Amino acid sequence: MKIHGRHYRTIWLDDDGWGVIVIDQTRLPFHFETVRLATAEAAAHAIRHMTVRGAPLIGATAAYGVALALRVDASDAALEQALALLGATRPTAVNLHWALARMRERLIGLPEAERVGAAYAEAGAICDEDVALCRAIGEHGLGVIREIAEKKPAGEPVNILTHCNAGWLATVDWGTALAPIYLAHDAGIPVHVWVDETRPRNQGAALSAYELGSHGVPHAVIVDNAGGHLMQHGQVDMVIVGTDRTTATGDVANKIGTYLKALAAKDNGVPFYVALPSPTIDWRLADGLKEIPIEERAGREVTHLFGQGEDGSTGFFQVAAPGSPACNPAFDVTPARLVTGLITERGIAPASAEGLARLFPEMTSGVAA
Ligand SMILES: CSC[C@@H](O)[C@@H](O)C(=O)COP(=O)(O)O
């Protein structure tokens, strides 16, 4: 993604070759600032406090967190401690656990002297692979957008609704849900994106809108409650969202509010697609509602809003009645029956055990078989 004319990934190594630089997403869209992570604790803090967020980027940051820990102590005990620390940061996105398991598998059998180099190489490979997976998701999703565009009067935009931020900022580059949109726009297909603001943290209004604007994609921010109305009036041609964990049977956990959009889409005959790289599939799970852990975040995210005042200063503003308690489940589960298709790096699968098994036959032992 280009910001101010320069291409950025969302995570990279500092000039010294070991410090890890990330974009501080808590400062966007008002300030583009980076943060240097120099310890595993700093990486864990960045994930927990959402300096970085989005399932694939959480996994990539955790992988580098392991490398940072091993620089200090490359023993088995230190490795296990770093895996536990980083694994406890956020519960819903399975990419975190996938990345940590991969790091452990790569490192545990190595002599201590080789671990640091191998850890950086593996974290780098996870990042490079994420870029390739997201690009492939973009290509497959582009086909869907193109098909819809061909059925519309010439020049009329394909109206796409998205929820939360499953774009460049949520991954290492490209994004998942937004990758097909970038490719469609670049291919000259007219697209227009309805961006759900995505309360409570406003990842749509703050991050997706920032990205789309930086790439020149026409879009409009809408309140989370507007999607159903727009669908009823024929103003949404398709929905594309990301996911933090998808079961082997095609149930999809994503940012709170996704389920309501899927219900509205079903009622209005609007195709509802979920874009995901395969590390987001939890092959052990068959029932998303019962089995996917849903993160509960602080009530303060509901009662207070982050924004910029007219004098240019940024800060938090209370919007709820002082003293009122708040409840803040951060994700919900959309059952597979409401999902039109899962856009993966290998193609588009029906949201079902059979559909996923057909695309990923090597993973189909257990519940997906
Ligand atoms: C490609 S990212 C997919 C999901 O991680 C994204 O849609 C999402 O819900 C992010 O939640 P967040 O709480 O901002 O980390």
Side-chain angles (χ1 to χ4, degrees), residues 1 10-11 22-26 28 46-62 89-99 127 130-131 133-138 141 161-182 195-211 224 239-246 252-262 272-282 288 292-298 301-302 306 328-334 339 342-345:
M1 165 72 65
T10 56
I11 185 166
V22 294
I23 297 162
D24 185 350
Q25 300 193 25
T26 66
L28 289 171
I47 297 170
R48 196 188 305 278
H49 295 277
M50 295 178 67
T51 308
V52 293
R53 27 77 42 211
L57 183 56
I58 290 171
T61 307
T89 48
R90 294 195 70 191
T92 302
V94 77
N95 307 58
L96 173 69
H97 306 287
W98 169 86
C127 290
D130 183 63
V131 177
L133 296 181
C134 288
R135 169 82 202 196
I137 288 167
L161 185 142
T162 193
H163 191 71
C164 194
N165 171 261
W168 161 69
L169 285 162
T171 62
V172 177
D173 207 347
W174 287 104
T176 57
L178 297 192
I181 295 173
Y182 290 131
V195 181
D196 279 357
E197 61 177 347
T198 318
R199 278 280 281 146
R201 290 185 67 102
N202 285 332
Q203 287 95 328
L207 305 178
S208 294
Y210 175 81
E211 276 190 33
D224 290 324
V239 178
I240 316 182
V241 297
T243 166
D244 289 79
R245 192 184 298 226
T246 290
V252 168
N254 192 47
K255 183 53 55 192
I256 192 78
T258 302
Y259 169 54
L260 289 176
K261 292 301 138 69
F272 185 93
Y273 285 93
V274 179
L276 67 153
S278 53
T280 306
I281 303 169
D282 190 336
I292 297 178
I294 300 296
E295 179 177 14
E296 284 281 339
R297 292 189 63 87
E301 291 184 348
V302 176
F306 178 73
N328 188 13
F331 299 92
D332 61 23
V333 173
T334 298
V339 177
L342 300 170
I343 308 174
T344 77
E345 72 271 17

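As the structure is a prediction and not an experimental result, all values here were calculated from the model. Whatever order the structure lists them in is the order used to number ligands and atoms, beginning at 1. Atom set for the values below is all heavy atoms of this structure, side chains included, hydrogens, waters and symmetry mates excluded.
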If I take atom [atom1] from residue [X] and atom [atom2] from residue [Y], how far apart are they, to the nearest 0.5 angstrom?
X: D244; Y: L276; atom1: CG; atom2: CG; answer: 11.0 Å
X: R201; Y: N165; atom1: CZ; atom2: CG; answer: 12.0 Å
X: T246; Y: D282; atom1: OG1; atom2: CG; answer: 9.5 Å

I want to know if ligand 1 touches [X] in the polar sense, i.e. an N/O pair below 3.5 angstrom.
X: R53; value: yes
X: G54; value: yes
X: A55; value: yes

Check: Looking at F272, is K261 sitting on its ring face, NZ or CZ under 6.0 Å from the six-membered ring centre and within 45 degrees of the normal?
Finding: no
How far is [atom] from its nearest protein heavy atom, and which residue and atom is that?
atom: atom 2 (S) of ligand 1; answer: A170 CB, 3.5 Å
atom: atom 11 (O) of ligand 1; answer: K255 CE, 3.4 Å
atom: atom 6 (C) of ligand 1; answer: N254 OD1, 3.5 Å
atom: atom 4 (C) of ligand 1; answer: D244 OD1, 3.1 Å
atom: atom 1 (C) of ligand 1; answer: T176 OG1, 3.0 Å

Is there a side-chain contact between [X] and [Y] (heavy atoms, below 4.5 Å)?
X: T10; Y: V52; result: no
X: T243; Y: V252; result: yes
X: C134; Y: D173; result: no
X: P279; Y: L133; result: yes
X: T198; Y: L207; result: no

Notebook entry, point to check: Do NZ/NE/NH1/NH2 and the carboxylate oxygens of E295 and R297 come within less than 4.0 Å?
Noted result: yes
By number and element, which atoms of ligand 1 are closer than 4.0 Å to a non-hydrogen atom of [X]?
X: Q203; result: 12 (P), 13 (O), 14 (O)
X: R90; result: 12 (P), 13 (O), 15 (O)
X: T243; result: 3 (C), 4 (C)
X: C164; result: 8 (C), 9 (O), 10 (C), 11 (O)
X: M50; result: 12 (P), 13 (O), 14 (O)
X: F331; result: 9 (O), 11 (O), 13 (O)

[X] and ligand 1 - part of the residue with a heavy-atom distance under 4.0 Å:
X: T280; value: neither
X: N165; value: backbone
X: P56; value: side chain

Next item on the list: Measure the distances from the heavy atoms of A93 to every atom of ligand 1 and state whether one is below 4.0 angstrom.
Entry: no
Next item on the list: For the pair R53 (side chain) and I58 (backbone), establish whether a donor and an acceptor sit closer than 3.5 Å, ignoring hydrogens and angles.
Entry: no
